[in-house]
Chemist: 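One structure follows; several queries about it will come next.
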Amino acid sequence: MIKSKAFIDELETISNKTFKSEEKELIERAIEVVEYAHEGFYRKSGEPFVYHPLEVAKILASLKLDTITLISGILHDTVEDSNGKVTLEYIKKNFGKEVATIVDGVTKVSKINAPVGNIEQKKKSETIQKMLFAMAEDVRVIFVKLADRLHNMRTIEFVDDHEKKKYKALETLEVYAPIAHKLGIHVIKWELEDLSFKVLYPEEYYKIKELVAEKKKEREERTNEYVKQLMLALKEHNIKAKIEGRYKHYYSIWKKMKEKNKKFDEIYDLIGIRAIVKDIKTCYTTVGVVHQIWVPLPGRFKDYIAAPKSNGYKSIHTTVITQYGEPLEIQIRDYQMHNEAEYGLIAHWIYKEKSVDLKQKWLSQLLDWRKELLKGSTNLSELKNELQLGEVFVLTPKGEIMHMPKGSTVIDFAYAIHTEIGHHFSGAKVNGKIVPISYKLKNGDVVEILVNKSSKGPSLDWLKYAKSPRTKAKIRRFFREQEKEKLIDSGKDVIRKLAKRLNTSIEGLLEHEKIVDFLKNHNLSIEELFIRIGEGSITFNDLLNLLEKPKESKKAVKNQKKSYKNLIAIDGISSIDVHIAKCCMPVPGDEIIGIASRRGITVHRTECKNIKNIDENRKFKANWISEESGGFFAAIEIELDKNERLPEIMNIFVNKKINISSLKVSDSETWRTVFAYFTIMVKSLSELNELIKEIEKKAGVIRVRRK
Ligand code: MN
């Protein structure tokens with residue numbers, strides 16, 4: 001049994017803070033769960049497995065991380081190493097979404113076995129990619145994973161499989177230490193490097209350790225002297241500073257010897273000192289003081305405050321020659337810079353906890369790094385798939401990460417948050433600036449959607465800017481519903497008028513035998529009847545005729561508008577109800593285009609003159625799904641000799657069983673010919689073309705044109 005009170009006390013001491021009572025309760029519960037989960041599991045050292053996650057939590061506490069991270073550290077192996085006793089859902093339910101996300105991320109990263117050693121750099125980079133992807137969800141995933149690896153490396157001596165030991169050390173050196181470095185978490189990076197160094201090159205490790213120890217006393221004495229000297233000088237200038245000696249760690253000494261081909265004696269920067277002062281201004285005053293005591297080495301002054309390193313590192317470095325003739329590097333920085341230099345991303349994270357700004361920075365840094373690593377990758381497309389690079393990561397103003405398909409615009413984002421937010425979209429701010437609706441989201445953008453609660457709903461143009469099919473579907477659904485309501489209302493109005501005319505009520509009218517028959521014959525519901533009336537395909541007069549002149553009831557049907565659903569696809573979607581333009585009357589087979597209007601989408605022929613000047617944003621791709629239709633209106637204009645008899649032409653229609661809906665004849669300017677305008681019902685373009693050909697053959701016909 002773990003004494004949870006003692007453990008919590010220890011965490012408090014290490015992290016130098018006091019937990020609130022609810023935090024304590026949560027940690028206690030985590031301890032219960034972790035004990036239960038790893039019961040019967042032991043480490044190579046013979047200790048119960050549970051010691052490991054508790055040590056990981058202590059490391060996290062030493063990094064001053066928050067309670068969520070500590071709990072995630074305690075639970076980080078419970079899903080993987082509990083024989084299924086603990087599930088992610090269980091963690092989510094008991095410890096919340098954040099802890100579950102972190103534990104899940106750590107589990108995923110742990111499953112990646114990085115290729116190491118004599119393997120091409122590309123492959124290695126790709127692995128780091130995968131890890132980065134796994135932790136993109138929450139930066140604390142990598143904090144926990146680094147602490148996990150650190151504890152495993154601290155206890156690696158107990159692993160007796162030599163190969164495994166070597167592999168873990170190599171993976172640490174080549175993957176985890178660079179990640180720690182990249183994120184600026186140097187306290188962890190140095191220790192990881194030295195621990196791996198010891199496993200991989202034990203001879204060199206102990207040799208360097210010995211060499212360092214040899215003149216250790218002498219070096220320490222000199223360092224103390226330099227520290228005192230600087231301290232006094234600063235005091236004279238009224239500068240308060242924390243001054244400390246710095247000792248190079250073993251791995252970096254060895255690396256320097258190897259890279260620069262130097263002997264141990266030739267490494268002069270084994271020691272250095274560091275002055276930490278209160279602010280930036282004092283940093284510069286301190287440099288002045290340093291240069292008064294010792295002569296600066298030309299070309300060795302580096303101002304990383306004015307120009308920080310790419311990982312954000314800030315400090316002033318200067319190398320001087322001391323009274324003993326040896327070079328001495330001095331680093332000068334303020335407390336915040338110091339924290340950031342040692343703890344990197346962790347420091348940022350703690351200082352500006354929950355800040356969107358930081359998350360944004362971290363995310364874009366992560367993604368930049370990913371891009372950098374992906375350069376020159378062989379299987380780029382494959383890898384892209386695997387990493388789902390088809391996605392962009394953006395943030396809500398609250399800092400939640402949203403994955404969106406690449407190419408998504410702010411309108412997609414609005415609908416992704418909530419359909420109602422989408423419907424009431426009135427604008428968007430990205431990174432604090434107003435952007436147009438067409439703005440394509442970029443990684444790390446902070447997107448804020450502006451909402452107008454009194455807006456009536458989306459605009460059809462939005463379909464143009466929406467990338468995601470889901471967004472498009474939501475917008476279309478809105479219009480279908482909207483349209484429906486409106487049509488029903490105006491249909492009802494017509495029925496009301498009709499009822500008044502016939503001295504009855506709406507209900508009375510709808511129960512009228514002829515109406516009931518009509519509905520039955522046409523398989524319409526009352527609602528559908530209203531819609532048909534509303535859209536004008538059944539008119540007041542049609543109904544009046546139906547009720548007053550029973551035998552002509554068929555006429556009313558003739559004019560009835562078809563539903564073009566499943567006949568015409570707009571933007572590839574077939575379930576949209578469209579209108580057929582009266583100006584150009586397209587028939588199946590014609591090249592067509594959809595035009596958005598307030599009424600919905602109207603389908604025109606692409607050659608229609610009326611659409612020439614229409615804004616591109618209102619145009620939609622349209623095509624026929626089926627060329628089989630019940631019938632479409634088409635208009636043709638026949639110019640024929642004045643003396644020619646029209647009935648002969650009309651016979652063609654009769655023989656072909658083509659309905660004529662209207663006929664108008666007018667004289668031409670020359671008075672020698674006449675124009676006959678027919679509106680007819682055809683099934684397809686080929687039928688229409690055949691008909692036109694046949695009419696053209698008739699004597700006296702000058703030309704036939706479609707209107
Ligand atoms: Mn672990």
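One-based numbering along the sequence shown. Source: prediction; values computed, not measured.
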Chemist: Could you check Asp66 against Thr69 for side-chain hydrogen bond (donor to acceptor under 3.5 Å, both in side chains), going step by step and ending with a plain yes or no?
Modeler: CA-CA 5 Å; Asp66 67 335; Thr69 315; 2.2 Å; yes
Chemist: Take Asn339 and Arg333, measure what side-chain hydrogen bond (donor to acceptor under 3.5 Å, both in side chains) needs, and give me the verdict at the end.
Modeler: CA-CA 10 Å; Asn339 251 321; Arg333 48 173 82 144; over 6 Å; no
Chemist: Would you mind checking if Arg149 and Glu171 are paired as a salt bridge, meaning a charged N to carboxylate O distance below 4.0 Å?
Modeler: yes
Chemist: Could Lys209 and Tyr250 be counted as a cation-pi pair, given that NZ or CZ must be under 6.0 Å from the ring centre and within 45° of the axis?
Modeler: no
Chemist: Evaluate side-chain hydrogen bond (donor to acceptor under 3.5 Å, both in side chains) for Thr155 paired with Arg43, printing each intermediate quantity in order.
Modeler: CA-CA 10 Å; Thr155 53; Arg43 306 202 84 216; 3.2 Å; yes
Chemist: Could you tell me if the side chain of Lys93 sits less than 4.5 Å from the side chain of Glu89, heavy atoms only?
Modeler: no
Chemist: Would the number of heavy atoms belonging to other residues, nucleotides or ligands and lying under 6.0 Å from CD of Glu244 be above 12?
Modeler: yes
Chemist: Would you say that Tyr313 contacts Met337 through its side chain, given a criterion of any heavy-atom pair below 4.5 Å between the two side chains?
Modeler: no
Chemist: Say whether Gln229 and Glu225, considering side chains only, have a donor N or O and an acceptor N or O under 3.5 Å apart.
Modeler: no
Chemist: Inspect the surroundings of CZ in Phe19 and state if more than 12 heavy atoms from other residues, nucleotides or ligands are less than 6.0 Å away.
Modeler: yes
Chemist: Hey, is CD on Glu22 packed in by over 12 heavy atoms from elsewhere, all under 6.0 Å?
Modeler: yes
Chemist: For a salt bridge (charged side-chain N to carboxylate O under 4.0 Å, His left out) check, start with the C-alpha distance between Arg222 and Glu326, then their side-chain angles and the critical distance, and finish with the verdict.
Modeler: CA-CA 11 Å; Arg222 274 200 192 170; Glu326 68 176 352; 3.6 Å; yes
Chemist: Are the side chains of Val199 and Leu195 in contact, using a 4.5 Å heavy-atom criterion?
Modeler: no
Chemist: Measure across Leu63 and Val187 and return the closest heavy-atom pair with its distance rounded to 0.1 Å.
Modeler: CD2-CG2, 4.1 Å
Chemist: Could I get the full list of salt bridge (Lys or Arg N to Asp or Glu O under 4.0 Å) partners for Asp148, not counting sequence neighbours?
Modeler: Lys145
Chemist: Whether the side chain of His237 engages the backbone of Ala233 through a donor-acceptor N/O pair (distance < 3.5 Å, no angle test) should be reported.
Modeler: yes
Chemist: Any carboxylate oxygen within less than 4.0 angstrom of a Lys/Arg side-chain nitrogen, looking at Glu204 and Lys258?
Modeler: no
Chemist: Tell me the ring-ring contact (aromatic ring centres under 6.0 Å, His included) pairs involving residues 64-99, sequence neighbours left out?
Modeler: His52-His76
Chemist: Would you confirm whether Asp77, through its side chain, and Glu80, through its main-chain N or O, come within 3.5 Å as a donor-acceptor pair?
Modeler: no
Chemist: Is the Tyr251 ring parallel, tilted or perpendicular to the Phe197 ring (thresholds 30°, 60°)?
Modeler: perpendicular
Chemist: For Asp161 and Lys165, run salt bridge (charged side-chain N to carboxylate O under 4.0 Å, His left out): C-alpha distance rounded to whole Å, both residues' side-chain angles, the deciding distance at 0.1 Å, then the answer.
Modeler: CA-CA 6 Å; Asp161 179 340; Lys165 210 160 145 177; over 6 Å; no
Chemist: Looking at Glu191, is its backbone amide N or carbonyl O close enough to the side chain of His249 to form a donor-acceptor pair, meaning the two atoms are under 3.5 Å apart?
Modeler: no
Chemist: What's the verdict on salt bridge (charged side-chain N to carboxylate O under 4.0 Å, His left out) for Glu55 and Arg154, showing C-alpha distance, side-chain angles and the deciding distance?
Modeler: CA-CA 11 Å; Glu55 286 302 317; Arg154 280 179 185 172; 5.7 Å; no
Chemist: Is it true that, when you exclude Lys92 itself, more than 12 heavy atoms of the residues, nucleotides or ligands shown sit nearer than 6.0 Å to its NZ?
Modeler: no
Chemist: Indicate yes or no: at least one non-hydrogen side-chain atom of Val212 is less than 4.5 angstrom from one of Ile253.
Modeler: yes
Chemist: State the CD1-CD distance between Ile271 and Glu329, to the nearest 0.5 angstrom.
Modeler: 11.5 Å
Chemist: Is Lys5 salt-bridged to Asp9, going by a charged N under 4.0 Å from an acidic O?
Modeler: yes
Chemist: Check whether any side-chain heavy atom of Thr107 sits under 4.5 Å from a side-chain heavy atom of Leu88, and report yes or no.
Modeler: no
Chemist: Just to verify, which of Ile91, Leu70, Ile74, Thr67 counts as forming a side chain to side chain contact (heavy atoms under 4.5 Å, CB included) with Val99?
Modeler: Ile91
Chemist: Donor-acceptor pair, distance only, cut-off 3.5 Å: does the side chain of Lys85 make one with the backbone of Tyr36?
Modeler: yes
Chemist: Less than 4.0 Å between a side-chain N and a carboxylate O, is that true for Glu10 and Lys58?
Modeler: yes
